[in-house]
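A quick note: this is a predicted structure, and the numbers were derived from the prediction, not measured.
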Amino acid sequence: MDYLIIGHITEDVHDGGFTNGGTASYSALTARAFGLQVGVVTAGSADLTYLTAGGIQTAQKAAPATTTFRNIETPTGRKQYLLKAAPVLTAEDVPEDWRAAKVVHLGPVAQETDPALIHCFPRETFIGMTPQGCMRAWDDEGLVRYHEWKPEAELLERLDAAVISLEDVRGDEETIAELARRLNVLAVTEGAEGARVYWRGDVRRFASPKVEVVDPTGPGDIFAAAFFIRLQATRDPWQAARLAVKLASLSVTRRGLDGIPTPAEAQAAAVEILQDAVQP
């Protein structure tokens, strides 16, 4: 196992039915495009053939419901509802022979990853996290609201990197500064503006190429997968960010899971970034 992601796949409801999504879907398929052996630990009742058909291994915890969201656009902005939630994922849900994965990605969408999961893996394992789902809470009607994430020091110290979006923290620069201080590497995606990366007291910005946006769903998860893969391989956050921004920007020019990079696109982007890195 090269890349293991732990988090709920989702069903995103819209007027025409639903589409599959979630960090687990987008990041796993992106990792597979890099030619990696990929596994997903999730929970729910959804059919995962769209993953297994792509060569991704799945360990699905049986549950009566799959985590389901509905997004409603209003004049004052988007409202998101959590209609159903699958159960929390714990160490017991991770197959023993998957615990030697090179990269582990904790990708919660609705507070479903037990922080104790970090103890499943050897100390040398690269662990990245996209804590978006830790920053969500919901009321009795399922209306999702911002929830301040207060991770324990043990979790942050164990993480090799984390990726958040500016939207995740409602643009709160104090929160970003505090996370940057406590994390080894922090990447903050900023939509069409690209991303910034904090490392060893430094911060650098990486502009996104201008593209025609067809669907803004999923680029953050694609960014995260590419970023973690490259960072684990090179230990160079700047190089990892260049690759991740390039592939995330490409993804919004297509709709839904079609935004996942193809193997040819992933390879071409990696070669281009490598060539840029070795130029004097």
Side-chain angles (χ1 to χ4, degrees), residues 3-14 18-31 38-48 50-51 56 58-61 63-72 78-90 93-94 104-115 117-118 127-139 141-151 155 159 162-170 187-189 215-225 227-228 248 251 256-257 259-260:
Y3 191 98
L4 174 62
I5 181 162
I6 304 173
H8 286 165
I9 56 92
T10 68
E11 291 181 346
D12 300 323
V13 175
H14 49 75
F18 71 87
T19 54
N20 292 113
T23 298
S25 296
Y26 282 91
S27 293
L29 290 165
T30 299
V38 181
V40 174
V41 175
T42 190
S45 58
D47 182 352
L48 300 184
Y50 72 98
L51 293 177
I56 295 171
T58 60
Q60 185 177 21
K61 182 177 185 176
T66 295
T67 296
T68 304
F69 288 99
R70 183 178 185 89
N71 297 319
I72 300 174
R78 186 181 72 171
K79 287 187 176 181
Q80 184 176 58
Y81 288 85
L82 179 65
L83 305 182
K84 301 176 184 178
V88 170
L89 298 166
T90 68
D93 302 313
V94 182
V104 173
H105 177 175
L106 303 179
V109 294
Q111 300 192 30
E112 74 270 20
T113 53
D114 182 353
L117 281 163
I118 58 174
I127 300 181
M129 186 173 188
T130 46
Q132 176 188 55
C134 299
M135 301 178 188
R136 287 173 173 160
W138 46 93
D139 61 22
E141 295 181 352
L143 179 62
V144 175
R145 56 178 173 77
Y146 173 67
H147 172 75
E148 185 181 359
W149 184 42
K150 297 181 178 179
L155 173 62
L159 294 179
V163 175
I164 63 172
S165 73
L166 195 60
E167 182 182 10
D168 289 341
V169 296
R170 303 297 189 269
V188 182
T189 61
D215 185 357
T217 305
D221 301 323
I222 292 169
F223 177 101
F227 186 76
F228 293 152
S251 76
L257 292 175
I260 303 295

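Contacts of S25 classified as side-chain contact (heavy atoms from CB on, under 4.5 Å), with partners at least two apart in sequence or in another chain: I9, Y50, L257. Not counting sequence neighbours, the partners of T23 by the side chain to side chain donor-acceptor pair (under 3.5 Å) test are D221. Not counting sequence neighbours, the partners of T67 by the side chain to side chain donor-acceptor pair (under 3.5 Å) test are H8. For R145, the salt bridge (charged side-chain N to carboxylate O under 4.0 Å, His left out) criterion is met by no residue, not counting sequence neighbours. Evaluation of the salt bridge (charged side-chain N to carboxylate O under 4.0 Å, His left out) rule for K61 yields D93 as partners, not counting sequence neighbours. With sequence neighbours left out, D12 forms a side chain to side chain donor-acceptor pair (under 3.5 Å) with T10. Remark: D47 pairs with T49 by the side-chain contact (heavy atoms from CB on, under 4.5 Å) rule, at least two apart or across chains. For Y3, the side chain to side chain donor-acceptor pair (under 3.5 Å) partners at least two apart in sequence or on another chain are H105. Shown here are the side-chain contact (heavy atoms from CB on, under 4.5 Å) partners of S251, two or more places apart in sequence or in another chain: P219, I222. Residues meeting the side-chain contact (heavy atoms from CB on, under 4.5 Å) test with L83, sequence neighbours left out: V13, T68, R70, Y81.
Atom CG of L106 is separated from atom CG of L159 by 7.0 Å, given to the nearest 0.5 angstrom. In this structure, OG1 in T19 is found 12.5 Å from CZ in F69, a value given to the nearest 0.5 Å. Here CD1 of I5 is found 9.0 Å from OG1 of T30. Values are rounded to the nearest 0.5 Å. Interatomic distance, CG of L117 versus CD1 of I6, reported as 5.0 Å (0.5 Å rounding).
Between S165 and V188, the closest heavy-atom pair is C-CG1, 4.2 Å. Across A86 and A43, no two heavy atoms sit closer than the pair CB-O, 3.6 Å. Scanning all heavy atoms of the two residues, the minimum distance from Y146 to D168 falls at CE1-O, 3.2 Å. P131 approaches P108 most closely through the heavy-atom pair CA-CG, 4.4 Å. Closest heavy-atom contact between T66 and A46: OG1-N, 2.9 Å. Between T42 and G7, the closest heavy-atom pair is OG1-O, 3.0 Å.
The shortest distance between side-chain heavy atoms of C134 and M129 falls below 4.5 Å.
Under a 3.5 Å cut-off, the side chain of Q60 and the backbone N or O of G44 do form a donor-acceptor pair. The main-chain N or O of A110 is found under 3.5 Å from a side-chain atom of E112 such that the two form a donor-acceptor pair. The backbone N or O of K84 lies less than 3.5 Å from no partner atom in the side chain of E11, so there is not a single donor-acceptor pair. Looking at R136, its side chain does come within 3.5 Å of a backbone N or O of V109 through a donor-acceptor pair.
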